[in-house]
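Both counts, for ligands and for their atoms, begin at 1 and track the order of listing.
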Amino acid sequence: MKNINNGLVYFFGALGGLLFGYDTGVISGAILFIKTDMSLSSLEQGIVVSAILLGALIGAAIISPLSDKYGRKKMVLTAALIFAVGSLSSAFSGNAIILIVSRILLGSAVGGASALVPLYLAEMAPAKHRGTLATLNQLMITTGILSAYIVDLIFANFSGGWRIMLGFAALPAIILFLGTLFLPESPRWLLSKGKENKAFEILKNLRKRDNTSKVEQEIAEIKESNAKESSGFKDLMQKWIRPTLIIGIGLAVFQQLIGINTVIYYAPTIFTDVGLGNSSAILSTLGIGILNVLITILALFIMDKFDRKKMLIMGSSGMVVSLLCLSFMSNISSEVEILGYATLAFLCVYIFFFALTWGPIVWIMMGEIFPLKVRGLGAGVSSVANWTTNLIVALIFPSFFEKFGTNLFIFFAVMAILSIFFVKYKVFETRGRTLEEIEMTLYNKKSKI
Ligand code: BGC
């Protein structure tokens, strides 16, 4: 193996997250122009917006499990190609049907990447830095969302600007494809296929500071945890693996039920609802996008210092408070200016807690909790659960919001309260332990689940 820089491995390993963020975020601004250009009905608009989510749940179901068979690298390359083709065909689509089909295709790459990237990063990283390195995925997602907001803003005044907004994603897709060609395959996956020499070579290269015997020890541990089970759907339901499936799906579903994407996709709607004008609404949304990135950078630094469970519970508690404030605020004041600022402030508090905790940790844990042979499959199933819930919330939010206004946030607050109980009683801690230790604990039923 060529001596490739670790920073580059982690950077390109996480780049799929950027496309995930960009492609899901870009439609919020683009739809305003697509709907007039293509004279879409509101139903058609809804379908164009959610097509990517539908594609994502299909992609997560297919692409990630295939990585157990064909390897992580080949499937990331496949996703990168789909990203490029999907972006270009969305940009050039001549009617709504082609646009919707292209967005579904693009979505399948988003869904595939959403499960593959954290899994690849978790498998490459040493245990003590795994949280930080896997947070890179979330940093890429949030940067992707922010870039999409910015590109939307820049091209809003160009005729046919929406085509540039959608097509722009082809550029990082090509970079992802080329970069991935030079990435090493995951040594853990190679070992599961009996390719020990190659795995050793890659791991030795990745752990530059470790001596040979330490690397040999890591290899031995991976082999030991490999020896005891076979792979497949049935295995996910085995008694010792089932708790991880419940955790994976539970975390994935709660991440969406606490309402994050009502903010990410519909922030301008929320702001205009409380009385802000269009331009202040767009500017405030940009502010939220920037905060989301900044707090994720903070998460990067603290991720391996505090237990994941404690952070999740802290995050949920903070979000409960901000959601309740958001919902009761309109009962306190009817002054547009006060309401506007208060909404912005509470949404910022909400984003602070999400970006520090539930944003990164859900995807980190999806790459950590499953035993090696069902890791792709387990991450895929959890990711499908995430996209399905995302799709449902995104589809019904506008009509419920029209009916209940900001009172709707009470529902998300209740979900956040339930998430605290879920984390406390169902989730086990993964910080600082190697993937093999986690797996062994589960297998020996000595787990502290
Ligand atoms: C979630 C996305 C969300 C993003 C916001 C991710 O962890 O899975 O649904 O849009 O965070 O930053």
Side-chain angles (χ1 to χ4, degrees), residues 14 16-29 49-50 52-57 59-60 64 107 110-119 121 131 134-149 248-267 270 285-300 303 308 311-312 315-316 319 347-348 350-367 379-380 382-395 397 412 415-416 419:
L18 186 93
L19 287 149
F20 164 172
Y22 187 89
D23 285 318
T24 52
V26 74
I27 201 72
S28 66
V49 172
S50 359
I52 195 146
L53 304 177
L54 180 67
L57 74 90
S64 174
V110 172
S114 71
L116 276 177
V117 171
L119 187 150
L121 291 174
T135 304
L136 278 180
N137 172 49
Q138 181 69 12
L139 183 61
M140 290 286 189
I141 298 175
T142 52
T143 309
I145 295 173
L146 179 60
S147 334
Y149 286 169
I249 294 180
L251 288 177
V253 168
F254 273 118
Q255 192 201 43
Q256 296 301 325
L257 285 182
I258 50 186
I260 178 62
N261 287 317
T262 60
V263 181
I264 298 294
Y265 306 160
Y266 294 108
I270 299 174
T285 305
L286 196 65
I288 291 215
I290 294 172
L291 184 73
N292 199 11
V293 173
L294 292 180
I295 303 302
T296 309
I297 296 175
L298 177 64
L300 210 66
M303 200 45 71
R308 318 251 195 269
M311 287 186 62
L312 286 172
S316 294
M319 284 188 281
L347 282 182
C348 286
Y350 173 87
I351 288 289
F352 174 89
F353 284 104
F354 179 87
L356 200 61
T357 62
W358 280 80
I361 294 176
V362 168
W363 296 109
I364 294 175
M365 293 192 83
M366 251 184 232
S382 314
S383 181
V384 170
N386 186 275
W387 290 108
T388 311
T389 321
N390 189 345
L391 176 64
I392 296 170
V393 175
L395 271 181
F397 177 78
F412 298 124
M415 291 299 128
S419 74

When you measure from atom 1 (C) of ligand 1 to every protein heavy atom, which one gives the shortest distance, and what is it?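 Answer, as residue, atom name and distance: Q255 OE1, 3.5 Å.
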Next on the checklist: Among all the protein's non-hydrogen atoms, which is closest to atom 11 (O) of ligand 1, and how far away is it?
Outcome noted: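 Here the closest protein heavy atom is Q138 NE2, 3.1 Å.
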Pick one of side chain, backbone, both or neither for how [X] approaches ligand 1, counting any non-hydrogen atom pair under 4.0 Å.
X    : result
N292 : side chain
W358 : neither
V362 : neither

Report task. For G359, counting its heavy atoms only, list the atoms of ligand 1 lying under 4.0 Å from any of them. Result ->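 Matching atoms, with element in brackets: 7 (O).
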Worksheet item: Can you list the ligand 1 atoms lying under 4.0 Å from a non-hydrogen atom of T142?
Response: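 Heavy-atom distances to T142 below 4.0 Å select 12 (O).
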#### Entry: Within-4.5 Å side-chain heavy-atom neighbours: W358 and I258
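Yes. Closest side-chain heavy atoms under 4.5 Å.
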- Message: Contact between F412 and Y350 at the side-chain level, heavy atoms closer than 4.5 Å - yes or no?
- Response: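 No - every pair of side-chain heavy atoms lies 4.5 Å or more apart.
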Practice task
Say whether W363, considering both its backbone and side-chain N or O atoms, lies within less than 3.5 Å of an N or O atom on ligand 1.
Solution key: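 Among all N and O atoms of W363, at least one is under 3.5 Å from an N or O of ligand 1.
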Notebook entry, point to check: Atom OG in S382, atom CH2 in W387: separation rounded to 0.5 Å?
Noted result: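 Going from the OG atom of S382 to the CH2 atom of W387 covers 13.5 Å.
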If we check side-chain contact (heavy atoms from CB on, under 4.5 Å) with L146, which of these qualifies: I141, L291, I290?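 That would be I290; it is the only one of I141, L291, I290 passing the side-chain contact (heavy atoms from CB on, under 4.5 Å) with L146.
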> Hey, which of Q138, M303, Q255, M366 is the one that makes side-chain contact (heavy atoms from CB on, under 4.5 Å) with I361?
Replying inline: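 For I361, the side-chain contact (heavy atoms from CB on, under 4.5 Å) test succeeds with only one of Q138, M303, Q255, M366, which is M303.
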Considering residues at least two apart in sequence or located in another chain, which fulfil the side chain to side chain donor-acceptor pair (under 3.5 Å) criterion with N292?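 Expected list: none.
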- Message: Show the nearest heavy-atom pair for residues A355 and A299, with the distance to one decimal.
- Response: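 Taking A355 first and A299 second, the nearest heavy atoms are O-CB, 3.9 Å.
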Pick, from T296, I264, N261, the option with the minimum heavy-atom distance to atom 10 (O) of ligand 1.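 Residue with the shortest heavy-atom distance to the ligand atom: N261.
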